[in-house]
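Below: one structure, written as structure tokens.
If you're wondering where the values come from, they're calculated on a predicted model, not measured in any experiment.
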Amino acid sequence: MAGYHFNPDKKKSGFAVDSGKTGEHWKSFSRNKLKVAIVLALLALVVVVGPDITGNMFYDDPEYALLSKNSDFPKLAVKEANLELYKCMDDVDDLQSQFSDCESGISVAEGLYKTCDAQKVEVMGELQTVNGNYNSCQAGADALKSSLDVCNTEKSAKETELGVCNSELSEMDSRLESMDAEREKIVGNYANSVCCTLKMLGSPSLKYYTVVNNRIVCSNSEGTEFGSCEYEN
């Protein structure tokens, strides 16, 4: 046992020192492990949640960056932004419903448009036919007007000629009346001379005369009464 020195205090003291160092290392390792867990949790949060939580720190949108520079761009917190987004989603649903109604209205309008377009084509065809008939009628009316003008010109000439003829006819009527009057006078004188001669020669009852085939016929019962004879005065 010579040369062996047992020093329990030193042994104990050395073990205590080793135990202290181990505890410190363990505490250091636990702290590092906690830091690593926190970092991993943050990375998982970034991957899963994305820019809704991390914001522009980890998410860069060029359009957002450009629009955010405008003076009227809303500066909203995350909560307010989510509320606005929720309202916008409701508005989108309403707009989608209105859009569906508009599509239905457009479909009906397209049907009406097709019907109107078909009617338009039909009416245009009828209008073309009517225009053709109108042009034909107009040409006929122009021809008739030209003929009417010619007729009016001829009518004016005929009316002038008729006026001349009426004047001549009036003149001839006057001359005829004069000639008739002169004829009656001549006939009367001739009848008076003939009938008076016959009356004087043996037929005292003769009083009338008639003209038969341009001949004087004396009578005692009918005809025109002739004047008194000279010998009766």
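With hydrogens and angles disregarded, no donor-acceptor distance shorter than 3.5 Å links the side chain of S104 to the backbone of S100. Between the side chain of S146 and the backbone N or O of D142 there is no donor-acceptor pair closer than 3.5 Å. Of the possible donor and acceptor atoms, none in the side chain of S193 sits under 3.5 Å from a partner among the backbone N and O of N189. Within the 3.5 Å criterion, the main-chain N or O of G188 finds no donor-acceptor partner in the side chain of N192.
At least one side-chain heavy atom of I216 sits less than 4.5 Å from a side-chain heavy atom of V211. The side-chain heavy atoms of S219 and T210, taken from C-beta on, include no pair separated by under 4.5 Å. For the pair Y209 and V187, the minimum side-chain heavy-atom distance is below 4.5 Å.
E110 CD to L112 CG: the interatomic distance, rounded to the nearest 0.5 Å, is 10.5 Å. Atom NZ of K158 and atom SG of C151 lie 11.5 Å apart (nearest 0.5 Å). Distance check, rounded to the nearest 0.5 Å: SG of C218 to CG of L206 gives 5.5 Å. Note that CD of E159 is 11.0 Å distant from CG of N166, once rounded to the nearest 0.5 Å. For the atom pair CD1 (I186) and CZ (R183), the distance works out to 9.5 Å, reported to the nearest 0.5 Å. Put simply, CD on Q138 and OG on S136 are 10.5 Å apart, with the number rounded to the nearest 0.5 Å.
Closest non-hydrogen pair, F226 versus C195, comes out as CE2-CB, 3.5 Å.
Summarising the local packing, CD of E103 is surrounded by more than 12 heavy atoms from other residues, nucleotides or ligands at distances under 6.0 Å. Enclosure of atom CD in E182 is not indicated, since only 12 or fewer non-hydrogen atoms of other residues, nucleotides or ligands lie within 6.0 angstrom.
For K120, the side-chain contact (heavy atoms from CB on, under 4.5 Å) criterion is met by D117, M124, not counting sequence neighbours.
V217 and Y190 fall into different hydrophobic clusters, where Ile, Leu, Val, Met, Phe, Trp and Tyr side chains are chained together by heavy-atom contacts under 4.5 Å.
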